[in-house]
Amino acid sequence: MKILVINAGSSSLKYQLIDMDGEQVVAKGLCERVGIDGKFTHKLGDGTVVCKELEVDMPDHTTAFAQVKKALTTGEGKVINDLSEITAIGHRVVQGGSKYDRSVRIDEEVLKAVREYEVLAPLHNPACLKGIEAATETFGTEIPQVAVFDTAFHQTMPEVAYLWGLPYEYYTDYGIRRYGYHGSSHRFVSAICCELLGKPDGKGTRIITCHLGNGSSLAALKDGKVIDTTMGMTPLDGFLMGTRSGAIDPSVVTFLMEKEGLTPKQMDDVMNKKSGMLGISGVSSDDRDITAAMDEGNPRAKLAWDMRSYQILKYIGGYVAALGGLDAIVFTAGIGENQDRLRAELLEGLSYLGVKLDAEANKVRGQIQEITTPDSAVRAFVIPTNEELVIARDTKALI
Ligand code: ADP
């Protein structure tokens, strides 16, 4: 059975074709600058690059889909004879509100809900809808499609964790609350962590998962279920990310809007695109550039790095209190899987909990590895995430 996984952004469309017999990637690729000048990359499962940033006219998501279809069924990148070999399509949908605590088959009701939740995720949900509509136009209405929500796994959070101290009506009228994101990633790595702890059902475990990428979030899990997470109503909350500020005093927002005469959209841009590691360092949002600048003695790159570590350690301390202790901590995503310096620094910052880093094991990149010593009071693991596989598995289960 082959499943096509789609992750649609406002000007992009990422895809992976996964053969579920053996869970192998058959082909994957990316349509970028959709609606601008169109760039197309297509690779085979073994990593062979068929084309890279090829200029292709893609005025909208439907034409992008047509390009994906062409790449999968013709030429050097051909992996299937025709689209009928694809059994189902799984879509990453960012915001599923309070309604969806799991993945669902897409029907009219689901589409309506995703459309309603556009107010909560104005940058993301419209793009997800475009992806679904374009898939329907390309594949027809017969093929089953599934929505896998970023927010779903965090729906187990209790009210005390997901509400803010605003008038309660804003929650009931507008759905203002913490939803959390990266749910598929936290779910994937926490399940593996529970297995590594010898408790596959998660019962009796206290885990903190650290998804550290361009966008980053932590989740605290008790008995395998999320009890708190750092991202909020939007992915802006939490600690310093590549270009996002993370949590700040909310009054700073109104102050700056008044001082600088910024519209809500402009202020949103400042906090989402010009802040975080980029905003503080003035160098880059990319961790590799930040570390290089730090090594050259750039004080602001070092400040950005130190601020992020400090903020993450404060969240971890808070979550240890909320969990009543800690059994394991997991690092995942681009930075979490590769950045051994950050992992070492964070684990050393947790030595008060009896955490003991295994410096040799910590040299690992991108594979499952325990990085604490056998006598460490808390175990730490690197566990590579695979959000596409979560989407494919859920899609298979639902059809
Ligand atoms: P997203 O999916 O949110 O776009 P990723 O999970 O791919 O982000 O993470 C991107 C981040 O991971 C970048 O800051 C990048 O510098 C960092 N990263 C990727 N590979 C490495 C590496 N080998 N060493 C250090 N950092 C890395």
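Atoms within each ligand, like the ligands themselves, are counted from 1 in listed order. Positions are given from 1, in the same order as the sequence printed here.
For the pair Glu159 and Arg177, the salt-bridge criterion is not met [side-chain N within less than 4.0 Å of a carboxylate O]. Residues Lys363 and Asp340 are not paired through a salt bridge, judged by the lack of any N-O separation under 4.0 Å between the basic side chain and the carboxylate.
Of all the atoms in ligand 1, the ones that sit under 4.0 Å from a non-hydrogen atom of Arg365 are 22 (C), 23 (N), 24 (N). Close approach to Ala333 involves these atoms of ligand 1, each under 4.0 Å from a residue heavy atom: 6 (O). Less than 4.0 angstrom separates some heavy atom of Gly213 from each of these atoms of ligand 1: 5 (P), 6 (O), 8 (O), 9 (O). Shown in contact with Gln339 at under 4.0 Å from a heavy atom are these atoms of ligand 1, numbered in order with element: 25 (C), 26 (N). The Gly334 neighbourhood of ligand 1 comprises atoms 5 (P), 6 (O), 9 (O), 12 (O), 17 (C), 18 (N), 19 (C), 27 (C), with distances under 4.0 Å to a heavy atom of that residue.
For atom 17 (C) of ligand 1, the nearest protein heavy atom (residue, atom name, distance) is Ile335 CG1, 3.6 Å. Counting protein heavy atoms only, atom 13 (C) of ligand 1 is closest to Asn214 OD1, 3.8 Å. Closest protein heavy atom to atom 14 (O) of ligand 1: Asp287 N, 3.0 Å. Counting protein heavy atoms only, atom 16 (O) of ligand 1 is closest to Asp286 OD1, 2.4 Å. The protein heavy-atom contact nearest to atom 22 (C) of ligand 1 is Asn338 CB, 3.3 Å.
When the ring pair (Phe, Tyr, Trp, His ring centres under 6.0 Å) test is applied to His154, the partners found at least two apart in sequence or on another chain are His186.
At a cut-off of 3.5 Å, with distance as the only test, a side-chain donor of Thr385 or Ser185 sits close to an acceptor on the other residue. Judged purely by distance below 3.5 Å, without hydrogens or angles, the side chains of Tyr171 and Tyr162 pair a donor atom with an acceptor atom. In the model, Ser284 has no side-chain atom that pairs as donor or acceptor with a side-chain atom of Asp286 under 3.5 Å. Defined by atom type and a distance below 3.5 Å, a donor-acceptor pair is present between the side-chain atoms of Glu337 and Thr332.
Within the 4.0 Å heavy-atom shell around ligand 1 one does not find His211. Under a 4.0 Å heavy-atom criterion, Gly215 is in contact with ligand 1.
When each of Asp223, Asp228, Asp327 is paired with Arg206, the salt bridge (charged side-chain N to carboxylate O under 4.0 Å, His left out) condition holds for Asp327 and for no other.
In terms of modelled atom types and a separation under 3.5 Å, the side chain of Arg343 and the main chain of Asn362 share a donor-acceptor contact.
Distance screen at 4.0 Å: atom 2 (O) of ligand 1 has no protein heavy-atom neighbour inside the cut-off.
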